[in-house]
Amino acid sequence: MSAATELTRAWANGAGFVREVERLSGQKVASCYQCGKCTAGCPMAADMDVAPRQILRFLQLGLQEEALNNSTIWLCASCMTCVARCPREVDLPRIMDALRQIAVRRGRVKERRVYLFHRLFLAGVRRGGRLDELRLVLGYNLRSGQLFKDAAKAPALFLKGKIRVLPEKTSGAAEVQQIFARWEARKP
Amino acid sequence: MKIAYYPGCSLHSTGIEYDLSGRRVCQDLDIELQELPDWTCCGASSAHVTDHVLALALPARNLALADDLGLDVTAPCAACYNRLQVTRHELAHDPKLRQEVEELLGRPYTGRAAVRSLVDLVASVGEEAVRQRTRRPLRGLKVAAYYGCLLVRPAGILQPDDPENPQGLDRILAAAGAEPVEWPFKTECCGASFALTDHTEVVTRLVAQLVDGAQAAGAEAIVTACPLCHSNLDMRQETAPGATPLPVYYFTELLGIAFGHSAAELGIGKHSIDGTQLLAQHGWSQAV
């Protein structure tokens, strides 16, 4: 089979997926003309397995597997440098968010620990209304199997009153729990 | 001037110095801060990674609280500021999205309350006011004003004076007598969103690049306006044996020193990298 037919098939299979990415992100993948400015300015590019520019190219070609199964979508720091410099005004971090959301739905999360961090963060906010940094760090270290990560920094932070031992209470917590509950109820 | 105050989660824990110093400086500049009652987390990066509507609903609740007070709102944390401002913008331009968010909130959202960063708020009071309030000019103190990402981007929504070379923070520091250096890393990312994950090595690399850049430009300290940037630069600096790490201050701490407060009042003693020695070297030892 020639490369041309493979791409044709990829597009036939992937068109719906690309439409979903465009719907979730509010971006048009055809806008990108592959100049590479996003990648040149990206602070995380050196640590990614696929260049940010390539993510858009995969989408233009309908290549779902390639667009979802990479560390890049999880390592985007949403610093928005690419958005500031894109001559076509593509909001690539929004596309990264959309791809992460689809990857989660399909159980295709390549950077499981980054995802774990976000999940624990939101679980903490849902529980108490405000983020409890201590429990987030402890929970993350415990569940990512690196119990003593940054443990050496903890005593000084405690002594200086920079870590709350007891979580802060806010009467807004109940309302936040309702926001999460309603949001969950409307998920497909 | 009276404005609602949204401290955000970090300012009640790892960024407590920013809260202490910010409140003092605002008081000195006749800015009355009224903390939003029952404010809750803006959701930060974790919310927008997860879902767009949820990521707008969490900040929108706080904007609605400011609406109830009939006040504009200031958020010192660059990340909170970013999420509040982006939310306000998106909901103003998309009635359908606003309706979805209101359904999640279970309360009306009007979008009346405008959002200001603390840098913008202090700048709006004016350099002249800062100059007049200064009792202890920071003469000879060379600083690298660091804006990071979320104070200036996305530029279309946040409308900074210049997204690649902003000046607001530099001007405020100069008004207090300090000497801001020209340096090319003002708006480079420090990687803070990965500081707690197992990608710490990326963060260490980005922090080193910023510190090297500031030092090469002749700065004696880096000045931030974000608790995440501050924690990251203050705790993830790796120094070669024998070398001195670069102190990292909140802009409000340095303004506080200039306005005559002590380092202890401003929380400067809580840094990981000692911030008092440099002040003493410059002859402000009565402050430390």
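As the structure is a computational prediction, the values presented were derived from the model and not from experiment. Proteins get letters first, then strands, A, B, ... in listed order; numbering begins at 1 in each.
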Part of His199(B) within contact of chain A (heavy atom distance under 4.5 Å) = side chain
ask   = Is Asp150(A) salt-bridged to Arg236(B), cutoff N-O under 4.0 Å?
value = yes
key: Side-chain donor-acceptor contact under 3.5 Å, Arg153(B) with Thr81(A)   = yes
ask   = Under a 4.5 Å heavy-atom cutoff, which of Val83(A), Leu122(A), Val137(A) has the most pairs with chain B?
value = Leu122(A)
ask   = Contact part of Leu206(B) toward chain A, heavy-atom cut-off under 4.5 Å: side chain, backbone, both or neither?
value = side chain
query = Which atom names give the shortest non-hydrogen contact between Ser193(B) and Phe117(A), and what distance separates them?
reply = O-CE2, 4.4 Å
query = By number, which residues in residues 38-50 of chain A have some heavy atom less than 4.5 Å away from chain B?
reply = Pro43(A), Met44(A), Ala46(A), Asp47(A)
query = For atom CZ of Arg106(A), is the number of surrounding heavy atoms from other residues, nucleotides or ligands below 6.0 Å larger than 12?
reply = yes
ask   = Relative to chain B, which segment of Val104(A) carries a heavy atom at a distance below 4.5 Å: side chain, backbone, both, or neither?
value = neither
ask   = Which bit of Ala195(B) comes within less than 4.5 Å of chain A, counting heavy atoms only: side chain, backbone, both or neither?
value = backbone
query = Checking Glu111(A) against chain B: side chain, backbone, both or neither under 4.5 Å from a heavy atom?
reply = side chain
ask   = Mind checking whether Phe121(A) and Cys41(B) have side chains closer than 4.5 Å, heavy atoms only?
value = yes
request  = Please flag which part of Arg119(A) lies under 4.5 Å from any non-hydrogen atom of chain B: side chain, backbone, both or neither.
outcome  = neither
key: Leu58(B) versus chain A, the contacting section by heavy-atom distance below 4.5 Å   = side chain
query = Counting only heavy atoms not in Gln277(B), do more than 12 sit closer than 6.0 Å to its CD atom?
reply = no
ask   = Based on non-hydrogen pairs under 4.5 Å, which of Gln209(B), Arg205(B), Glu188(B) is most in contact with chain A?
value = Arg205(B)
message = Among Pro163(B), Ala57(B), Pro154(B), which residue has the highest count of heavy-atom pairs closer than 4.5 Å to chain A?
response = Pro154(B)
remark   = Applying a strict 4.5 Å limit to non-hydrogen atoms, the region of Thr200(B) in contact with chain A is side chain
remark   = Counting heavy-atom pairs under 4.5 angstrom with chain A, the leader among Thr187(B), Asp51(B), Asn82(B) is Asp51(B)
query = Where on Leu105(B) is there a heavy atom nearer than 4.5 Å to chain A: the side chain, the backbone, both, or neither?
reply = both
query = When rounded to the nearest 0.5 angstrom, what is the spacing between CG in Leu104(B) and CD in Glu184(A)?
reply = 11.5 Å
request  = Quick one: which of Leu159(A), Val125(A), Leu75(A) has the most heavy-atom pairs under 4.5 Å with chain B, could you say?
outcome  = Leu75(A)
Largest heavy-atom contact set with chain B, pairs under 4.5 Å, which of Glu168(A), Gln178(A), Met96(A) = Glu168(A)
Within 6.0 angstrom of Arg107(B) CZ, more than 12 heavy atoms from elsewhere = yes
remark   = When the 4.5 angstrom heavy-atom criterion is applied to Ala156(A) and chain B, the contacting part is neither
ask   = Does Met235(B) offer a backbone N or O that forms a donor-acceptor pair with the side chain of Lys153(A) under 3.5 Å?
value = yes
note = Turns out that what part of Val49(B) lies under 4.5 Å from chain A's heavy atoms comes down to both
inquiry  = Are the side chains of Trp39(B) and Thr170(A) in contact, using a 4.5 Å heavy-atom criterion?
reply    = no
message = A side-chain contact here means heavy atoms from C-beta on lying under 4.5 Å apart; do Glu133(A) and Cys9(B) qualify?
response = no
key: Min side-chain heavy-atom separation Glu103(B)-Arg182(A) under 4.5 Å   = no
message = Less than 4.5 Å to any heavy atom of chain A: does that hold for the side chain of Ala155(B), its backbone, both, or neither?
response = neither
Close side-chain approach of Arg85(A) and Glu164(B), heavy atoms under 4.5 Å = yes
Portion of Leu116(A) that has a non-hydrogen atom of chain B nearer than 4.5 angstrom = neither
message = With rounding to the nearest 0.5 angstrom, report the CD1 to NZ distance, Ile16(B) to Lys162(A).
response = 9.0 Å
ask   = Leu120(A), Leu24(A), Asp97(A): which one forms the most heavy-atom pairs within less than 4.5 Å of chain B?
value = Asp97(A)
message = What I want to check is whether the side chains of Lys160(A) and Ser272(B) have a donor and an acceptor closer together than 3.5 Å.
response = no
key: Heavy-atom closest pair, residues Gln101(A) and Thr50(B)   = CG-O, 3.0 Å
inquiry  = Walk me through whether His48(B) and Arg94(A) qualify under side chain to side chain contact (heavy atoms under 4.5 Å, CB included).
reply    = CA-CA 9 Å; His48(B) 74 70; Arg94(A) 280 289 303 275; over 6 Å; no
task = Could you pull out the closest heavy-atom pair between Thr40(B) and Arg130(A), with the gap in Å?
result = CA-CG, 4.3 Å
Residue part contacting chain B, namely of Leu157(A), when any heavy atom lies under 4.5 Å = side chain
key: Side chain, backbone, both or neither of Ser144(A) within contact of chain B (heavy atoms, under 4.5 Å)   = neither
